[in-house]
Amino acid sequence: QVQLVESGGGLVQAGGSLRLSCAASGRTFSRYTMGWFRQAPGKEREFVATISWRGGITFYADSVKGRFTISRDNDKNTVYLQMNSLKPEDTAVYYCAADPRNLGVTSPRVYDYWGQGTQVTVSS
């Protein structure tokens, strides 16, 4: 079992930056692929980024490529999402999730564990 708690969301102007953190409990965190997803009002949850269990492989949605960076510190049981050059369309609740089977895909269906989410609002 893994429990995930996100933090770092908030209100920021367009062009600004935020860093989200996701703290995980459980000794198996370091073995799991981790992902970030987001959900805007009235829209389906969408993939943002994923990172392999050792951190050597990352993958991003086209909409955030070049602006967002996913990273992890397995010693601290934490995964991060650095978000730069934020746009109003990035406004959403951001969730971190754990994929214990390390499938490394973008579908939220393969992620078994989810945090409660943190709100990111980007004003124009």
Side-chain angles (χ1 to χ4, degrees):
Q1 284 285 346
V2 175
Q3 292 185 330
L4 305 172
V5 179
E6 302 96 336
S7 61
L11 173 64
V12 64
Q13 288 189 332
S17 298
L18 283 174
R19 188 174 85 152
L20 306 184
S21 299
C22 174
S25 64
R27 288 177 287 182
T28 52
F29 165 82
S30 62
R31 302 179 192 170
Y32 294 171
T33 293
M34 297 297 295
W36 284 96
F37 292 79
R38 67 187 182 186
Q39 189 166 17
K43 295 188 177 181
E44 292 189 354
R45 191 167 298 188
E46 67 171 358
F47 167 77
V48 174
T50 186
I51 187 167
S52 61
W53 65 279
R54 284 185 175 176
I57 300 173
T58 58
F59 185 73
Y60 298 90
D62 288 343
S63 58
V64 307
K65 200 173 297 182
R67 300 188 298 123
F68 291 10
T69 303
I70 188 171
S71 62
R72 68 190 297 164
D73 185 336
N74 287 342
D75 290 336
K76 295 182 178 180
N77 276 12
T78 302
V79 63
Y80 304 97
L81 186 67
Q82 178 66 45
M83 306 186 295
N84 299 329
S85 302
L86 283 160
K87 304 175 181 179
E89 51 264 43
D90 294 319
T91 295
V93 177
Y94 283 71
Y95 300 89
C96 71
D99 165 21
R101 289 174 292 277
N102 292 306
L103 297 176
V105 298
T106 62
S107 171
R109 296 191 188 99
V110 306
Y111 290 79
D112 287 353
Y113 306 106
W114 292 83
Q116 83 290 347
T118 186
Q119 176 71 47
V120 171
T121 303
V122 185
S123 63
S124 57

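For this chain, numbers begin at 1 and follow the sequence in order. What you are looking at is a predicted structure, and each value in this text was computed from that prediction instead of being measured.
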Within a reach of under 6.0 Å around [atom1] of [X], are more than 12 heavy atoms found that belong to other residues, nucleotides or ligands?
X	atom1	value
Gln3	CD	no
Lys65	NZ	yes
Arg101	CZ	yes

Item to complete: Test Thr78 against Asp73 for side-chain hydrogen bond (donor to acceptor under 3.5 Å, both in side chains), laying out the working first.
Response: CA-CA 5 Å; Thr78 302; Asp73 185 336; over 6 Å; no
Worksheet item: Should the ring pair Tyr95 and Trp114 be called parallel, tilted or perpendicular, given that the plane angle runs from 0 to 90° and is split at 30 and 60?
Response: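 Perpendicular, since the angle between the ring planes exceeds 60°.
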Worksheet item: What is the ring orientation for Tyr94 with Phe68, classed by angle as parallel under 30°, tilted 30 to 60°, or perpendicular over 60°?
Response: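 Geometry flag for Phe68 against Tyr94: tilted rings.
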Between [X] and [Y], is there shared hydrophobic-cluster membership here, with clusters defined by ILVMFWY side-chain heavy atoms closer than 4.5 Å?
X	Y	result
Leu20	Val12	yes
Val64	Tyr111	no
Ile70	Leu86	yes
Val93	Leu81	no
Tyr113	Val48	yes

Which distance, rounded to the nearest 0.5 Å, do you find between the [atom1] of [X] and the [atom2] of [Y]?
X	Y	atom1	atom2	result
Ser21	Leu4	OG	CG	12.5 Å
Gln1	Thr28	CD	OG1	9.0 Å
Tyr32	Met34	OH	CE	10.0 Å
Ser30	Asn77	OG	CG	7.0 Å

Fill in: Sole candidate of Asp90, Val120, Val122 that passes side-chain contact (heavy atoms from CB on, under 4.5 Å) when paired with Met83
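So, applying the side-chain contact (heavy atoms from CB on, under 4.5 Å) to Met83 and each of Asp90, Val120, Val122, only Val120 qualifies.
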Practice prompt. Identify the two heavy atoms, one from Ala92 and one from Ala40, that lie closest to each other, and give their separation to 0.1 Å.
Written response: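 Smallest interatomic distance, heavy atoms only, reads CB-N, 3.8 Å.
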Worksheet item: What heavy-atom pair brings Thr106 and Phe59 nearest, and what distance separates the two atoms?
Response: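 Closest approach of Thr106 to Phe59: CG2-CE2, 3.7 Å.
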Using modelled atom types and a 3.5 Å cut-off, is there a donor and acceptor pairing between side-chain atoms of [X] and backbone atoms of [Y]?
X	Y	value
Glu6	Cys96	yes
Asn74	Arg54	no
Asp112	Pro100	no
Ser52	Ile57	yes
Asn102	Thr33	yes
Thr121	Leu11	no

Flag side-chain contact, heavy atom, 4.5 Å: [X] against [Y]:
X	Y	answer
Thr91	Gln119	yes
Arg38	Glu46	yes
Arg19	Tyr80	yes

Practice prompt. Please step through side chain to side chain contact (heavy atoms under 4.5 Å, CB included) for the pair Gln82 and Ser17, ending with a clear verdict.
Written response: CA-CA 8 Å; Gln82 178 66 45; Ser17 298; 4.0 Å; yes
Item to complete: Compute the ring centroids of Tyr60 and Phe47, then answer whether they are less than 6.0 Å apart.
Response: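 No, the ring of Tyr60 stays outside the 6.0 Å limit from the ring of Phe47, centre to centre.
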Discussion item. A cation-pi test, strictly: NZ or CZ of Arg72 under 6.0 Å from the centre of the six-membered ring of Phe29 and no more than 45 degrees from its axis. Yes or no?
Written reply: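 Arg72 over Phe29 ring: yes.
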